[in-house]
Amino acid sequence: MSPVPVRVSRPPDLPPLDVAARLDRLRASLGAAGVPGLLVTHRPNVRYLTGFTGSAGMLLVPTDADAVLVTDGRYAEQATGQVREAGVPAEIEVAATQVDQHRLLAGAAHGLGRLGLEAHAVTWAVQRALSERLAPVEIVPTEGLVEALRRVKDAGEVARIRAACAVADEALAEVLPVLAERPTEAELALALEVAMRRRGASGPSFETIVASGPNGSRPHARPSDRVVGPAELVVIDFGCVVDGYCSDCTRTVSVGDPGDDARRFHRVVLEAQRAGREAVRAGAECAAIDRAARSVIEAAGLGEAFPHSTGHGLGLEVHEAPRLASTSRDTVAAGSVVTVEPGVYLPGTGGVRIEDTVAVTDEGAEPLTASPKDLVL
Ligand code: ZN
Ligand code: ZN
């Protein structure tokens, strides 16, 4: 058998990202955080602020001086090119070893007095090494400073998420007919990931979930060797990355009628998902969105079968602020992109989850995922 050529289409032309404005927005928030500078180590945050996509780099952002991006020799050329292309005023410093990189950071941080470190993104070991190397600058923990900026997307970011959603929608439409040929869960997941990559995605935005029959009762089931049978619920949760930005979508389908109970579960979740989406608009409380979806499921007597929160923000990462959860005190803002994804899970029986990625506007929620929500194929 001759190898089948795999063609990869280019993603659509995308509008530019407004990277250059972001450093000053971060600087404006440092005063309130009580630090005259921040060392950004979380990679998606480094990318967000500079356009640099390499796997090794730390960005020092003083309030009163140019930012300094420290990386190693593998990325010298790439970092220079990407930062310049993004129009970001940052110096690039290159050093082979971590010790030398810390020395460069110590020079750039000299005189700051205090320096914020992203508490959720450094190991104990790195924090200790930096404390030693940067002394007498005091290292202090900060929480979510760059993430707070990332909550509201610019037009270029929304366009990328929209493109990732469209790629995922097209891939699902291509792959769903394969279900009739009784693939295993793992085979269907692979077909979906290949279909997304062939449309220009750089990869899945998380490990694709295909959970059939009783496997569907676990919200984060991994695809197994189980053959997907007819007339059973199949939860497919999938997404991809286009130019750094994620999509996230879940559909629950069945090849043939899965029976009265399954159809009722699907109807309830569909109604809950619609209620959740309708509660999304700029300024809405995250807890109220969760309540809107959850109350539909509770009214159907299935409240205990819905053990997770209703949704999450997404962008450069598939899980970002805000969380659409009952315990959240957050609100959603115009320009945020969030998921709405209620589900019910019944051990021994299976599960139903329906998820869209939506853009938050002043009027409501604009769906970015558009795959049909029909249960029976
Ligand atoms: Zn999902
Ligand atoms: Zn999700």
Side-chain angles (χ1 to χ4, degrees), residues 44 147 150-151 153 158 160-172 175-176 185 188-189 192-193 195-196 201 203-212 215-223 233-242 245-253 266 269-270 272-277 279-280 286 289-290 292-294 297 306-328 330 332 336-345 350-360 365-373:
E147 283 79 359
R150 285 170 49 195
R151 293 165 61 111
K153 274 73 182 171
V158 175
R160 282 157 179 77
I161 299 169
R162 187 188 302 277
C165 290
V167 163
D169 282 336
E170 287 172 22
L172 184 68
V175 163
L176 273 184
E185 293 172 350
L188 190 77
L192 199 45
E193 291 180 8
M196 292 191 290
S205 50
F206 56 92
E207 201 177 343
T208 302
I209 294 170
V210 176
S212 61
N215 290 350
S217 68
R218 285 174 288 134
H220 273 198
R222 295 190 63 185
L233 294 168
V234 189
V235 180
I236 306 172
D237 188 350
F238 64 109
C240 65
V241 179
V242 171
Y245 284 81
C246 299
S247 65
D248 190 2
C249 180
T250 308
R251 293 294 182 262
T252 302
V253 296
H266 188 267
V269 173
L270 190 61
Q273 207 262 350
R274 188 184 59 77
R277 274 188 293 129
V280 174
C286 294
I289 300 167
D290 181 87
R294 194 170 300 280
I297 291 174
F306 177 20
H308 56 75
S309 55
T310 291
H312 54 87
L314 80 174
L316 285 169
E317 294 175 275
V318 74
H319 290 114
E320 297 187 357
R323 275 186 68 214
L324 307 188
S326 61
T327 51
S328 171
D330 245 334
V332 292
S336 284
V337 178
V338 299
T339 69
V340 180
E341 51 177 304
V344 298
Y345 309 91
V352 175
R353 180 165 64 255
I354 299 171
E355 172 179 29
D356 282 316
T357 296
V358 304
V360 182
E366 183 200 348
L368 302 183
T369 42
S371 290
K373 291 173 181 155

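Whatever order the structure lists ligands and atoms in, that order sets their numbers, starting from 1. One-based numbering along the sequence shown.
Between the Zn ion (ligand 2) and the N, O or S atoms of H312, the shortest distance is to NE2. Taking the Zn ion (ligand 2) as reference, the nearest N/O/S atom within E355 carries the name OE2. Nearest to the Zn ion (ligand 2), among the N, O or S atoms that D248 has, is OD2. When the N, O or S atoms of D237 are ranked by distance to the Zn ion (ligand 1), OD1 comes first.
Not one N, O or S atom of H319 sits under 2.8 Å from the Zn ion (ligand 2). With 2.8 Å as the limit, E341 counts as an N, O or S neighbour of the Zn ion (ligand 2).
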Full working for salt bridge (charged side-chain N to carboxylate O under 4.0 Å, His left out) between E366 and R277 | CA-CA 9 Å; E366 183 200 348; R277 274 188 293 129; over 6 Å; no

Can you check side-chain hydrogen bond (donor to acceptor under 3.5 Å, both in side chains) on H220 and D237, steps first, answer last?
-> CA-CA 9 Å; H220 273 198; D237 188 350; 5.2 Å; no

Test salt bridge (charged side-chain N to carboxylate O under 4.0 Å, His left out) applied to D356 and K373, step by step | CA-CA 10 Å; D356 282 316; K373 291 173 181 155; 2.5 Å; yes

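The 12-atom threshold is exceeded at CZ of R150, counting heavy atoms of other residues, nucleotides or ligands nearer than 6.0 Å.
Taking OG of S205 as the reference point, atom CG of L316 lies at 12.0 Å (rounded to 0.5 Å).
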